[in-house]
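These notes concern the structure reproduced below.
Whatever order the structure lists ligands and atoms in, that order sets their numbers, starting from 1.
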Amino acid sequence: MTIPYPSSQPMSAITPVVPPSGASRPRLTFLGTGYLGATYAICFAELGYEVIGFDVDAEKIAKLAGGEVPFHEPGLDELLRRNLAAGRLRFSTDIAETAHFGDVHFICVGTPQRADGMSADLSYVEASVTGLAQNLDRRALIVGKSTVPVGTAEWIEQLVDKHADSQLGVEVAYSPEFLQEGFAVEDVLRPNRIVVGVKSEWANSMLYSAHKGVFDLAATEDREVPLVVTDFATAELVKVAANAFLATKISFINAMAEVCEASGGDVTQLARAIGYDPRIGNRFLQAGVGFGGGCLPKDIRAFQARAQELGAGEALRFLHEVDLINLRRRNRVLQLAAELLDRRYGPAGPDLSGTRIAVLGATFKPNSDDVRDAPSLAVAAQLAKAGADVRVYDPQGMENARRAQPDLTYSPDMIEAVRDADLVCVLTEWSDFRNADPEALARVVAGRRVVDGRNCLDSTLWVQAGWEYRGMGRP
Ligand SMILES: NC(=O)c1ccc[n+]([C@@H]2O[C@H](COP(=O)([O-])OP(=O)(O)OC[C@H]3O[C@@H](n4cnc5c(N)ncnc54)[C@H](O)[C@@H]3O)[C@@H](O)[C@H]2O)c1
């Protein structure tokens, strides 16, 4: 039976329930220990919960169990080691053990773009839910946390009905996740909101107990974490709507950058000036080489694909334009490179043969090692394809970049990357690059030319040091 909930429930109205395991607070499991699941498992152990992180990747689990975070996320290593030592946190590849342990199981597996189209690949969700459901031996709550197309939680319910013993009373909920890589620990411990899609009071109470640590921490810091309790479809849509909005904001300012380029305006001043209007705000309003990563690009595509299936494709047609604006910015770097290197830009792009180009940045943003759909790495590959001898350096993303683009040449540090370069392209706004000394770099390059793909450099300083400077959307 569906119990309707108000869209925002006062916390005092939530009746606490005893977890099925009989423990005083629910035992939690996180299935899929990537950027999302590992961060959650570690942070929720830090909040005092007993936790198992489960993954099918034995190598990843061995690293985590040995106290090593398999990706770069500031602050996470220390929390991992502390909570392993405290005995609250374990990692496992054993689904039976995981199923038996947990009261609340969070599904955190990947939902990448399908190879054959724009929609989301739900095969990992299907495999993890099926394996879990088949191994449950008492009542539990399965909570979808991966970003999914609207309707997926209903489908997870059907999978559970098919694979779990119907006597157990297993229930399903959906709770989207908004963490940002680079700030993930803070975002999980101190989220700006918690959204849950539930169908019963029991599910709502269990999810509340599973997040009580977050609410308690907020209370001790005199903060409040808003809780939005809603239905499955709305909870699923909240996540993709938020990402669609953020992607649109970035592409909006990048569209303005294109107009500035055509008219002689400066998009950095334009952004500052419009950002003072509180209705607009200045965050996510930096023009540059565009968004990337494991979320925004695939999420706006999957959202369009799902809307199309639902007969609402027209409502999201603008997201196609958002995607195109974003991808066009990558070509802009090639145009600027051709301009600075005095090469012709033909219909097939520029011919950059015989030039050496340093690409600073391989990750999709700073403070992460994530290179999924990174504009920087895509541009590096395009520059190499145009004939340039490209040298890539990134403070954290080298290993992942090598795996993703094995044909590129990688340099051990920034100085080696820029040595003898005819052009330097700064494509990820790492502080190492923002604060680099243009005088020192000028001494090792072959030509003082720089493309600031993130508008993150102090152009005056660079010009004073003798560099020919080009930003995005700037004269
Ligand atoms: N990374 C982020 O910043 C972020 C933020 C919000 C939401 N999300 C969403 O969270 C989900 C996961 O993203 P991610 O970045 O952590 O991906 P990821 O690729 O880093 O991690 C996915 C993990 O799932 C594991 N996995 C695959 N099949 C499995 C199975 N059957 N059982 C258990 N584990 C399995 C993989 O081995 C991998 O470790 C995606 O839907 C993503 O859109 C990610």
Side-chain angles (χ1 to χ4, degrees), residues 29-43 52-64 69-74 76 91-99 102 105-114 119-135 142-149 152-153 156 159 163 174-188 191-192 195 235-236 238-240 242-244 246-247 291-303 363-365 367-374 400 403-404:
T29 81
F30 297 88
L31 285 83
T33 55
Y35 288 93
L36 171 69
T39 308
Y40 252 84
I42 295 165
C43 288
I52 287 187
F54 167 87
D55 206 289
V56 289
D57 183 339
E59 203 182 317
K60 202 172 263 187
I61 288 298
K63 276 192 182 165
L64 284 161
V69 178
F71 50 87
H72 177 75
E73 185 58 50
L76 203 52
F91 290 93
S92 174
T93 52
D94 183 340
I95 189 63
E97 176 195 29
T98 305
H105 302 276
F106 290 93
I107 305 297
C108 303
V109 299
T111 50
Q113 185 176 342
R114 283 172 62 121
S119 54
D121 177 355
L122 294 178
S123 60
Y124 305 102
V125 173
E126 181 170 17
S128 59
V129 170
T130 303
L132 174 66
Q134 287 168 340
N135 281 280
I142 300 179
V143 185
K145 209 157 203 12
S146 304
T147 304
V148 292
T152 303
I156 291 178
L159 284 177
H163 295 289
Y174 182 76
S175 177
E177 177 48 43
F178 308 100
L179 71 81
Q180 310 162 75
E181 288 171 27
F183 305 94
V185 170
E186 200 51 24
D187 285 348
V188 172
N192 50 26
V195 178
E236 290 166 326
V238 165
K239 173 65 191 175
V240 281
N243 276 358
L246 295 173
F291 58 80
C295 292
L296 289 195
K298 59 111 175 149
D299 288 349
I300 61 166
R301 291 173 198 149
F303 196 12
T363 54
F364 82 100
K365 64 158 154 183
N367 303 318
S368 172
D369 64 352
D370 196 346
V371 303
R372 287 178 290 184
D373 214 337
N400 287 337
R403 222 172 291 137

Note to self: Under the criterion side chain to side chain contact (heavy atoms under 4.5 Å, CB included), I'd like the reasoning laid out for Y35 against L179: C-alpha separation, chi angles, the key distance, then a yes or no.
What the structure shows: CA-CA 10 Å; Y35 288 93; L179 71 81; 5.7 Å; no
Margin query: Pair D373, F291 - check side chain to side chain contact (heavy atoms under 4.5 Å, CB included), show working.
Written below: CA-CA 9 Å; D373 214 337; F291 58 80; over 6 Å; no
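Note: F106 and F30 have parallel aromatic rings, judged against thresholds of 30 and 60 degrees for the angle between ring planes.
For atom 5 (C) of ligand 1, the nearest non-hydrogen atom from the set L179, V109, D121 comes from L179. Here atom 39 (O) of ligand 1 lies nearest to K60 when heavy atoms of E126, K239, K60, R372 are compared. Relative to atom 22 (C) of ligand 1, the option among A184, G37, G110, P112 with the closest non-hydrogen atom is G110.
Nearest protein heavy-atom neighbour of atom 27 (C) of ligand 1: Y124 CD2, 3.8 Å. Remark: minimum distance from atom 7 (C) of ligand 1 to any protein heavy atom is reached at T147 OG1, 3.6 Å. Distance from atom 21 (O) of ligand 1 to its nearest protein heavy atom, with residue and atom name: G34 CA, 3.2 Å. Protein heavy atom in closest approach to atom 41 (O) of ligand 1: T111 OG1, 2.5 Å. At the shortest separation from atom 30 (C) of ligand 1 among protein heavy atoms lies V56 CG1, 3.7 Å. Nearest to atom 42 (C) of ligand 1 among the protein's heavy atoms is K298 NZ, 3.7 Å. The protein non-hydrogen atom at the shortest distance from atom 10 (O) of ligand 1 is L36 CD2, 3.0 Å. Looking at atom 37 (O) of ligand 1, its nearest protein heavy atom turns out to be D55 OD1, 2.6 Å.
An N or O contact shorter than 3.5 Å is missing between K145 and ligand 1 by distance.
Not a single donor-acceptor pair under 3.5 Å links the side chain of N400 to the backbone N or O of V371. In this structure a side-chain-to-backbone donor-acceptor pair under 3.5 Å is missing from T39 to V188.
Contact atoms of ligand 1 toward S128: 30 (C), 31 (N), 32 (N) (distance under 4.0 Å to a heavy atom of the residue). Atoms of ligand 1 found under 4.0 Å from any heavy atom of D57, numbered from 1 in the order shown, are 37 (O). Close approach of ligand 1 to F54 (heavy-atom distance below 4.0 Å) involves ligand atoms 32 (N), 33 (C). With ligand atoms numbered from 1 in the order given, ligand 1 contributes 2 (C), 4 (C), 5 (C), 8 (N), 43 (O), 44 (C) to contacts under 4.0 Å with heavy atoms of C295. Each of the atoms 12 (C) of ligand 1 lies under 4.0 Å from some heavy atom of C108. Close approach to E181 involves these atoms of ligand 1, each under 4.0 Å from a residue heavy atom: 1 (N), 2 (C), 3 (O).
E181 contributes atom CD, which lies 10.5 Å from atom NE2 of H72 (distance to the nearest 0.5 angstrom). With rounding to the nearest 0.5 Å, the separation of CG in N135 from OG1 in T98 is 9.0 Å. Taking CG from D369 and CZ from R372, the interatomic distance works out to 9.5 Å, rounded to the nearest 0.5 Å. Interatomic distance, CZ of R114 versus CG of L122, reported as 8.5 Å (0.5 Å rounding).
Between the side chains of S92 and D94, no donor N or O sits under 3.5 Å from an acceptor N or O. Using modelled atom types, one finds no donor on one side chain facing an acceptor on the other under 3.5 Å when comparing T147 with K298.
At a 4.0 Å heavy-atom cut-off, ligand 1 does not touch Q180 at all.
For the pairing with F91, the side-chain contact (heavy atoms from CB on, under 4.5 Å) check across L64, I52, D55 returns one residue only, L64.
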